[in-house]
Amino acid sequence: MALEYDLVILGAGTGGYVAAIRAAQLGKKVAVVEKEKLGGTCLHKGCIPSKALLRSAEVYQTVKKSNDFGVETSEPGLNFLKVQERKNQIVDQLYKGVRHLMKKGKIDVYEGHGRILGPSIFSPSPGTISVENNDGSDNVMIVPKNVLIATGSKPKSLPGLEIDHENVITSDEALQMEELPSSVSIIGGGVIGIEWASMLADFGVEVTVLEYEPRVLPLEDEDISKEMLRALKKKGVKVLTNAKVLSDQVKVVSEGQVEVPYEHKGETKKAEANKVLVSVGRSANIEDIGLQNTDIKTDKGVIVTNEFYQTKESHIYAIGDVIGGLQLAHVASHEGIAAVEHMDGLDAHPVDPDMVAKCTYSSPEVASVGITEQAAKEKGYDVKTGTFSFKAIGKALVYGDTSGFVKFVSDKKTDDLLGVHMIGPHVTDMISEAAVAKLLDATHWEVAETIHPHPSLSEAIGEAALAVDGKAIHS
Ligand code: FAD
């Protein structure tokens with residue numbers, strides 16, 4: 001017998017479960033199909049566990065420096081099993097929270113692998129979902145009015161580079177390590193690679209980063225990349241940019257040692273470490289979900305949708321990592337809400353990538369919204385910029401971390417705010433002010449007019465905004 005729903009969501013990661021809650025709020029009968037765990041990558045293999053480990057690394061470093069604050073301690077020790085335990089407890093608590101939210105919203109959860117079927121006795125159009133239950137019981141057929149594909153993504157590798165889950169790993173395995181290796185080579189200096197480089201170095205691991213592009217965090221403003229490079233080097237991280245890893249030649253040379261050959265400045269060299277962490281991006285989960293039974297189009301490995309997240313089959317929507325773009329949890333959830341509201345005929349607000357805050361939770365943290373100075377120039381803007389260092393911010397001195405700066409990029413002609421870029425303490429929280437300013441179409445001088453509390457780290461935002469017109473007070 002087929003079960004009927006208004007909406008079935010394939011995948012209950014951040015995008016899927018948030019969309020389910022919004023649909024339930026709108027009075028829809030909703031089911032989610034999840035083959036692993038409610039909460040998806042972000043909760044179990046991404047944002048939350050990685051930030052929990054980063055926080056332990058930060059505490060370890062803070063305790064090491066506690067004498068600077070007049071707090072005398074003996075040499076701190078690191079119990080990595082406890083670090084992992086704390087991380088697991090945080091994940092478990094949030095996992096319980098998501099399960100509770102499903103119950104509260106009367107959202108039915110099917111634990112199994114969902115696939116979209118073509119037209120059948122159940123429905124004249126594609127979209128019936130067949131669930132292969134995890135417990136081995138008979139497949140369930142669900143007939144929904146709408147389907148939302150939110151199947152997320154998985155780690156990518158490089159050609160010929162096999163992830164053996166032991167010596168050559170991705171963030172999935174790194175999050176589960178029971179002990180710290182003494183050395184790690186990280187392939188890829190993007191967000192995930194840099195978070196791991198920072199965290200592992202802070203835990204005392206010897207780290208080498210191999211990045212193909214000329215700079216780390218290549219999607220951030222160039223000044224941010226330079227500052228991050230400085231910060232990583234200060235931690236003792238060896239960073240090689242313009243390094244082309246010869247991925248098909250990576251091999252385990254002896255027990256616990258992996259060799260990574262790479263080309264750098266015309267020479268072939270080798271990095272050796274206990275483990276190799278591959279962080280070269282993520283590919284969308286589009287396989288084995290039944291797309292072949294539909295007219296849904298894919299392009300470069302992601303599902304193609306219109307601006308309201310409708311696929312070629314207008315009753316089937318797709319959101320989150322599976323449609324590419326900015327693969328971020330808050331983007332996935334915002335897209336999920338917009339898709340569900342569009343299904344319901346509401347005035348939906350799709351994600352504008354220019355308004356999305358992007359964060360790297362390394363130490364120092366990085367956060368940005370809008371476009372970089374380089375991108376603005378490439379788009380033909382005549383730009384003016386203002387930068388202000390945390391060195392002159394009282395609260396940063398009090399806090400004990402004066403690394404980094406805030407940078408504003410504005411349009412010289414109109415004063416429109418084009419981008420705000422930050423590196424330093426707590427910038428992943430502070431970026432929201434800049435995101436609101438972007439959303440409200442503010443100018444840099446309107447941000448400067450905002451009275452920032454003293455002493456606060458946010459004063460760097462006010463000063464950087466003033467600096468655009470050469471009016472910063474404390475520089
Ligand atoms: P996912 O969270 O991947 O969820 C998809 C779900 O679908 C999964 O649970 C999967 O099991 C399920 N599924 C797949 N196929 C099927 C099927 N056929 N049937 C049933 N279920 C299926 N983003 C941030 O914004 N901030 C961060 O700090 C951050 N840190 C990260 C750190 C790491 C190490 C990683 C890997 C990612 C990080 N991300 C971060 C990215 C973030 O995790 C993703 O952008 C987000 O999880 C995408 O949400 P989603 O709902 O699209 O997909």
Side-chain angles (χ1 to χ4, degrees), residues 8-20 31-55 87 95 98 109-117 129-134 139-140 142 147-156 169-176 186 188 190-196 199 277-291 302-303 309 317-337 339 351 356-362 365-367 428 431:
V8 171
I9 300 175
L10 216 51
T14 319
Y17 89 73
V18 168
V32 295
V33 183
E34 172 53 57
K35 65 176 183 172
E36 291 184 19
K37 278 179 155 181
L38 290 176
T41 304
C42 178
L43 179 51
H44 301 283
K45 302 174 187 174
C47 331
I48 298 296
S50 61
K51 265 82 261 181
L53 297 186
L54 277 155
R55 173 72 180 132
K87 174 210 79 181
Y95 179 44
V98 178
V109 178
Y110 291 87
E111 294 176 356
H113 188 122
R115 293 178 186 88
I116 304 171
L117 302 182
I129 302 293
S130 158
V131 184
E132 184 184 335
N133 289 312
N134 287 346
N139 282 14
V140 175
I142 310 178
V147 176
L148 178 65
I149 305 173
T151 48
S153 64
K154 57 180 170 299
K156 257 190 203 158
I169 60 174
T170 67
S171 57
D172 285 2
E173 294 82 24
L175 285 167
Q176 302 304 331
I186 299 179
V191 176
I192 294 178
I194 293 306
E195 285 187 357
W196 279 98
M199 176 217 300
L277 171 61
V278 182
S279 53
V280 293
R282 297 182 60 85
S283 50
N285 289 326
I286 54 169
E287 299 91 18
D288 202 17
I289 56 172
L291 292 185
V302 300
I303 292 179
Y309 311 110
Y317 289 63
I319 54 110
D321 281 10
V322 78
I323 64 167
L326 290 171
Q327 290 182 316
L328 294 169
H330 42 295
V331 170
S333 54
H334 194 98
E335 288 173 349
I337 290 171
V351 171
V356 176
K358 300 172 284 286
C359 298
T360 305
Y361 296 80
S362 45
E365 294 183 347
V366 169
T428 59
I431 195 65

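Predicted model, so just to flag it, every value in this text is computed and none were measured. The basis for the numbers below is simple: all heavy atoms, side chains too, and nothing from hydrogens, waters or symmetry mates. Atoms within each ligand, like the ligands themselves, are counted from 1 in listed order.
- Listed by number with element, the atoms of ligand 1 under 4.0 Å from a non-hydrogen atom of Gly320 are 52 (O).
- The shortest side-chain heavy-atom distance between Val331 and Glu335 falls under the 4.5 Å cut-off.
- In this structure, Ser171 and Trp196 approach most closely via the heavy-atom pair CB-NE1, 3.9 Å.
- Close contacts of ligand 1 with Arg282, meaning ligand atoms under 4.0 Å from a residue heavy atom, involve 36 (C).
- Not close to ligand 1: Ser333, with no non-hydrogen atom less than 4.0 angstrom away.
- His113 approaches Asn134 most closely through the heavy-atom pair N-OD1, 4.2 Å.
- Any N or O atom pair closer than 3.5 Å counts here, and Gly39 shares no such pair with ligand 1.
- Given atom 49 (O) of ligand 1, the protein heavy atom at minimum distance is Ala332 CB, 3.6 Å.
- An N or O contact shorter than 3.5 Å links His113 to ligand 1 by distance.
- Of the N or O atoms in His330, one or more lie within a sub-3.5 Å distance of an N or O in ligand 1.
- For ligand 1, the atoms sitting less than 4.0 Å from at least one non-hydrogen atom of Ser50 are 32 (C), numbered in the order shown with element in parentheses.
- Among the atoms of Leu10, none of the N or O lies under 3.5 angstrom from an N or O of ligand 1.
- The residue Pro155 has no part lying near ligand 1, judged by heavy-atom distances below 4.0 Å.
- Of the protein's non-hydrogen atoms, the one nearest atom 33 (C) of ligand 1 is Gly46 CA, 3.3 Å.
- Of all non-hydrogen atoms in Gly114 and Ile129, the two that sit nearest each other are CA-CG2, 4.2 Å.
- His330 contributes a side-chain N or O that, together with a main-chain N or O of Ala357, makes up a donor-acceptor pair within less than 3.5 Å.
- When all heavy atoms are compared, the tightest approach of Ala367 to Cys359 is CB-SG, 4.1 Å.
- Scanning the protein for heavy atoms near atom 53 (O) of ligand 1, the closest one is Gly152 CA, 3.2 Å.
- Atoms of ligand 1 found under 4.0 Å from any heavy atom of Ser171 (numbered from 1 in listed order, with element): 34 (C), 36 (C).
- The two atoms that bring Val98 and Leu43 nearest to each other are CG2-CD2, 4.1 Å, heavy atoms only.
- In Ile289, the part holding a heavy atom less than 4.0 Å from any atom of ligand 1 is the side chain.
- Protein heavy atom nearest atom 38 (C) of ligand 1, with residue, atom name and distance: Cys47 N, 3.9 Å.
- In terms of protein heavy-atom proximity, atom 1 (P) of ligand 1 is nearest to Thr41 OG1, 3.5 Å.
- Residue Lys156 forms a side-chain contact (heavy atoms from CB on, under 4.5 Å) with just one option from Val278, Thr170, Val280, and that option is Val280.
- For Glu195 and Lys51, the salt-bridge test passes: some basic side-chain N is under 4.0 Å from an acidic carboxylate O.
- Contact analysis puts Ile192 in contact with ligand 1, with a non-hydrogen atom separation below 4.0 angstrom.
- Atoms of ligand 1 lying under 4.0 Å from at least one heavy atom of Gln327, given by number and element, are 41 (C), 45 (O).
- In this structure, Tyr17 and Glu34 have side chains that are not in contact, with every pair of non-hydrogen atoms separated by 4.5 Å or more.
- Within ligand 1, counting atoms from 1 as listed, the ones closer than 4.0 Å to a heavy atom of Gly13 are 2 (O), 4 (O), 6 (C), 51 (O).
- Looking at Val366 and Ile194, their side chains never come closer than 4.5 Å, going by heavy atoms from C-beta outward.
- In terms of protein heavy-atom proximity, atom 22 (C) of ligand 1 is closest to Lys35 CG, 3.6 Å.
- The Ala150 neighbourhood of ligand 1 comprises atoms 5 (C), 6 (C), 7 (O), with distances under 4.0 Å to a heavy atom of that residue.
- Within the 4.5 Å cutoff, side-chain heavy atoms of Val18 are placed close to those of Ile337.
- Within ligand 1, the atoms closer than 4.0 Å to a non-hydrogen atom of Lys51 are 27 (C), 28 (O), 29 (C), 30 (N), numbered from 1 in the order shown.
- Atom 12 (C) of ligand 1 has its closest protein heavy atom at Glu34 OE1, 3.2 Å.
- Listed for the Thr360 side chain is no donor-acceptor partner under 3.5 Å among the backbone atoms of Val191.
- Counting only heavy atoms of the protein, atom 52 (O) of ligand 1 lies nearest to Asp321 N, 2.9 Å.
- Considering all non-hydrogen atoms of both residues, Asp288 and Arg115 come closest at OD1-NE, 2.9 Å.
- Residue Ile319 places no N or O, backbone or side chain, under 3.5 Å from any N or O of ligand 1.
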